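Counting starts at 1 for both ligands and their atoms, in listed order. Quick note: numbers below take in every heavy atom, side chains included, and nothing from hydrogens, waters or symmetry partners. The model shown is predicted, which means the values in this text are computed figures rather than measured ones.
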Amino acid sequence: MSVSSATQPMIYNPPKDFAKQAHVPSLEAYETEWRRSINDPEGYWGEVAAESHFFKKWDRVLEWNPPMAKWFAGGQTNVCYNCLDFQIEKGLGDHPAIIWEGEPAAADGTPKQQVTLSYRQLHARVCRFANALKKLGIKKNDRVTIYLPMVPELTIAMLACARIGAPHSVIFGGFSAQAIADRLTDADSHHIITSDGGWRRGSVVPLKSNVDEACKLVDKVSKVIVLKHCNNDVHWDAGRDIWWSDAIDGMSEDCAAEKLDAEHMLFLLYTSGSTGKPKGILHTTAGYMVYTRHSAKQVFDYKPDDVYWCTADIGWITGHSYIVYGPLQNGVTSVMYEGAPNFPDWERFWQICERYGVTKFYTAPTAIRAFMKQGAELPKKHDLSSLKLLGTVGEPINPAAWAWYNEHIGGNRCPIIDTWWQTETGGVMITPLPGATPTKPGSATRPFFGIDAAVVDHSGTPVEPNESGLLVIRKPWPGMLRGVYGDEARYRKQYWSEIEGCYFTGDSARCDEDGYFWIIGRVDDVIKVSGHRLGTAEIESALVSHPKVAEAAVIGFPDEMTGEAIAAFVTVKSGVNVSEDLKQELRQHVSRTLGAIAKPKDVRFTDGLPKTRSGKIMRRLLRELATTGSVKGDITTLEDLTTIAKLNGEAS
Ligand code: WTA
C-alpha cells in the first residue's frame with residue numbers, strides 16, 4: 001500500500017444561497033445526523049422509514065445475521081404504491097412524473113416525439129399494464145425480463161411488475177442475444193417485455209430480433225410482449241408473441257397493489273464480476289425503497305418543483321434507483337431521453353435542459369469529457385440558468401472535467417456532487433450533500449447517513465490517512481444487496497470473506513486527513529468503460545468462443561475519454577494466420593456476442609500469455625504492457641520468462 005503525496009486540492013464550499021434552502025444546510029448538521037445514524041442505526045432508519053407508506057408496520061428495523069440482513073421485517077409495503085398512489089394521495093396527481101423525449105429530431109434538435117405523464121396518468125398506465133401481465137399468467141414471484149429502449153413503457157413495465165410482486169430483470173438494450181440468453185437462464189425467467197426496436201444515433205437497434213435469437217438459445221420463454229416503437233419489421237411467433245397494445249386492450253385502470261413482505265424480491269440486476277458468469281444482484285422491497293427515497297431526497301436536495309434529469313440508461317443501477325424509484329417516491333419530475341447525446345449533434349443535452357427547464361442534472365464523467373472535447377461554445381448557445389445542481393457517477397472524475405462542468409454547465413453557481421456507489425449498494429454511499437459538504441474535485445467526499453465506510457488493509461485494520469487500501473463498509477444499510485441470485489456461496493465469498501465482518505466493495509481508495517474518500521479503482525477483474533461495468537472474464541469467454549482463438553486475456557487500460565478501455569491479448573490456434581482482418585473480426589465477434597460496449601479497443605496477438613506457476617494469468621503485467629508499452633515490473637512468480645520477452649518484443 002502506497003502513501004500518496006497529498007497535495008492539497010482546491011476546496012469548493014457549497015454556495016450560500018443553496019445551503020440556505022437545503023435539507024442539510026451545513027457540515028455540522030451533516031456530521032450530527034451522520035453520527036446519530038451510525039450510533040443508532042435502528043432508531044435512525046425507523047424514523048426515515050416512517051415517511052414511506054407501509055400497509056403494515058415492521059416489527060423490527062434490522063435483523064442482522066451477518067452477512068444476511070432483513071430490514072423492516074414483519075412490515076408490508078409496495079414500492080409501486082409508494083411511487084404512484086402515495087404521491088397522488090399527497091395531491092400530486094396532476095404533477096408531471098415523467099417527461100420523455102424520443103431520439104428522432106429535426107436538424108435543429110426539435111424532437112419528433114415527446115410524452116409527459118402526470119402521476120395520475122402514469123398510475124393508470126401502470127395499472128392497465130399490471131392487469132395485462134396478470135392476464136398473461138404472470139404471478140407474484142415470477143421473474144420478468146425487460147429488454148426495452150429508454151421509453152416511458154420501460155418505467156411502466158418495471159412499476160407494473162413491482163405492483164404485482166413479480167421481480168423484474170432489466171437488461172440493457174445495448175446487450176446482445178447471448179447476454180440476454182445467459183440472464184434468462186440464470187433468472188429462470190419465462191416472460192420477456194421488449195419492443196420492435198429502439199433508436200440510437202438515427203438507426204434502429206433491432207431489439208426484437210435479439211430476443212428472437214436469445215429464445216433460440218434458451219428454450220423456456222413462453223410469452224414475449226412487444227411494444228411497437230420504431231415500426232420496423234419483426235419476425236412474429238404467433239403462439240408466443242403479443243403486441244403491447246393488444247395485451248392492454250380492455251384492461252382496467254384499477255389494479256390493487258400487492259401487499260408485499262418487506263424482504264420480497266423487487267428485482268434482479270445482472271452485473272459483471274470476476275468470473276464469466278454474470279451475477280444477478282438481488283434487491284428486495286422495503287430496504288431498497290427507503291434507501292433510494294431518502295438518498296435521492298438528500299443527495300439531489302429534491303424540492304417539489306424540481307425537473308430532474310439523470311442521463312443514465314435504466315438498464316444500469318443508476319437508472320433503476322435515480323430515474324425510476326428515487327425520484328418518483330419523492331414526487332419530482334423525472335426527465336427521460338431515449339437516445340444518444342450527439343444526435344442530431346452535440347447540442348442535444350443542452351437543448352433538453354433548456355426545453356424542460358432542468359434543475360438538477362446527473363451524468364457520467366465520460367459524457368462530460370466528450371462534451372468538453374466539443375468545446376464550450378455548444379452549451380453556451382443554450383439557456384442553462386434553470387440548473388441548480390450537477391452530479392456525476394460511475395467512475396472517478398478528473399479535475400479538468402470537473403472544472404469544465406462547473407464553469408460551462410453549472411455557470412460556477414451549482415454545487416457538484418460526485419457520488420460513489422455500486423449495483424450492489426442500491427443507492428449512493430459516499431457523496432457530498434450539496435448544501436453541506438465542501439467539495440474537493442476528484443473526491444466523492446464523505447459517507448451518506450448510516451454508511452460506515454473505511455479504508456483498510458488486508459487484515460481489516462484501517463490504514464493511515466492518505467494511505468491507499470481496500471474500501472469496505474462496516475455496517476449493514478437498507479439498500480444493500482440481499483444476495484447473488486441462486487448463489488449464496490458466491491455472495492458470501494465475493495462480498496463478505498475478503499475482510500472479516502465487512503462488506504468488501506472491490507474498490508481501492510484512500511481517505512484524507514479530512515475524512516474525504518478518494519476512489520482509486522477496482523482491485524478485481526472489473527473494467528469500467530465509459531462508466532459501464534464489464535468483466536474481463538466475460539469478454540475473454542466471448543473471445544475464446546471464436547473458432548480461431550486458443551486463449552485470451554483481457555485487461556482495462558487508462559483512456560482519456562472513456563476512463564478505461566479494453567485491450568485483449570490473444571493466442572490463436574495452431575495453423576491460424578494472424579492479420580489485421582482477424583483483429584477486426586475478433587472485435588466484431590465480441591460486439592456480436594456481448595454488445596458493442598464490450599468491443600475491445602485494442603487486440604494484440606501473442607504466442608503465449610504470462611502465467612504464474614499455478615496457471616493464473618498475470619494481468620498486472622499485461623496492464624503494464626498496454627499502459628507503458630513494456631514490462632519492467634516484478635516477474636518473479638512468472639512461470640515462463642520467455643513469454644514476457646516475447647510480449648515486450650513482439651506483441652503487435
Ligand atoms: C465505480 C455504478 C469513482 C467503482 C453506480 C464502483 C466510481 C463501480 C464512482 C460500480 C465514483 C462508481 N467515483 N468510481 N463516483 N461511482 N464508481 O455497479 O469502481 O455499475 O465499484 O454502479 O463504479 O459500478 P456499478
If every non-hydrogen atom of [X] is compared with every non-hydrogen atom of [Y], which pair is closest and at what distance?
X: Leu433; Y: Tyr30; result: CD1-CD1, 3.7 Å
X: Val529; Y: Leu534; result: CG2-CD1, 4.0 Å
X: Trp477; Y: Trp71; result: O-NE1, 3.2 Å

N or O contact, [X] vs ligand 1, cut-off under 3.5 Å:
X: Trp316; value: no
X: Thr271; value: no
X: Thr392; value: no

Please determine whether any non-hydrogen atom of Trp421 lies less than 4.0 Å from an atom of ligand 1.
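It does, in that a heavy atom of Trp421 comes within the 4.0 Å cut-off of ligand 1.
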Measuring from non-hydrogen atoms of Ala444 to any atom of ligand 1, is the shortest distance under 4.0 Å?
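No.
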Per-residue contact class, [X] against ligand 1 - non-hydrogen pairs under 4.0 Å:
X: Thr318; answer: side chain
X: Arg533; answer: side chain
X: Thr423; answer: both

At a 4.0 Å threshold, what atoms of ligand 1 neighbour a non-hydrogen atom of [X]?
X: Val393; answer: 5 (C)
X: Ile317; answer: 5 (C), 22 (O)
X: Ile519; answer: 3 (C), 14 (N)
X: Arg522; answer: 6 (C), 19 (O), 21 (O)

Against the six-membered ring of Phe175, is Arg183 placed for a cation-pi contact (under 6.0 Å from the centre, within 45° of the normal)?
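Yes, Arg183 sits over the ring of Phe175.
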Within 45° cone of Tyr302 ring axis and under 6.0 Å: Lys297 NZ or CZ
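Negative - Lys297 is either too far from the ring of Tyr302 or too far off its axis.
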Step-by-step salt bridge (Lys or Arg N to Asp or Glu O under 4.0 Å) determination, Arg533 to Glu424:
CA-CA 12 Å; Arg533 180 163 162 179; Glu424 292 86 343; 2.8 Å; yes
How close does the nearest protein non-hydrogen atom get to [atom], and which residue and atom is it?
atom: atom 3 (C) of ligand 1; result: Pro396 N, 3.1 Å
atom: atom 1 (C) of ligand 1; result: Gly394 O, 3.3 Å
atom: atom 23 (O) of ligand 1; result: Lys528 NZ, 2.8 Å

Strictly by modelled atom types, are [X] and [Y] linked by a side-chain donor-acceptor pair under 3.5 Å?
X: Ser459; Y: Thr461; result: yes
X: Glu263; Y: Thr285; result: no
X: Asp306; Y: Thr359; result: yes
X: Thr363; Y: Thr311; result: yes

Nearest-option assignment for atom 15 (N) of ligand 1, heavy atoms, candidates Val428, Asp418, Thr445, Asp507
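Among Val428, Asp418, Thr445, Asp507, the closest heavy atom to atom 15 (N) of ligand 1 comes from Asp418.
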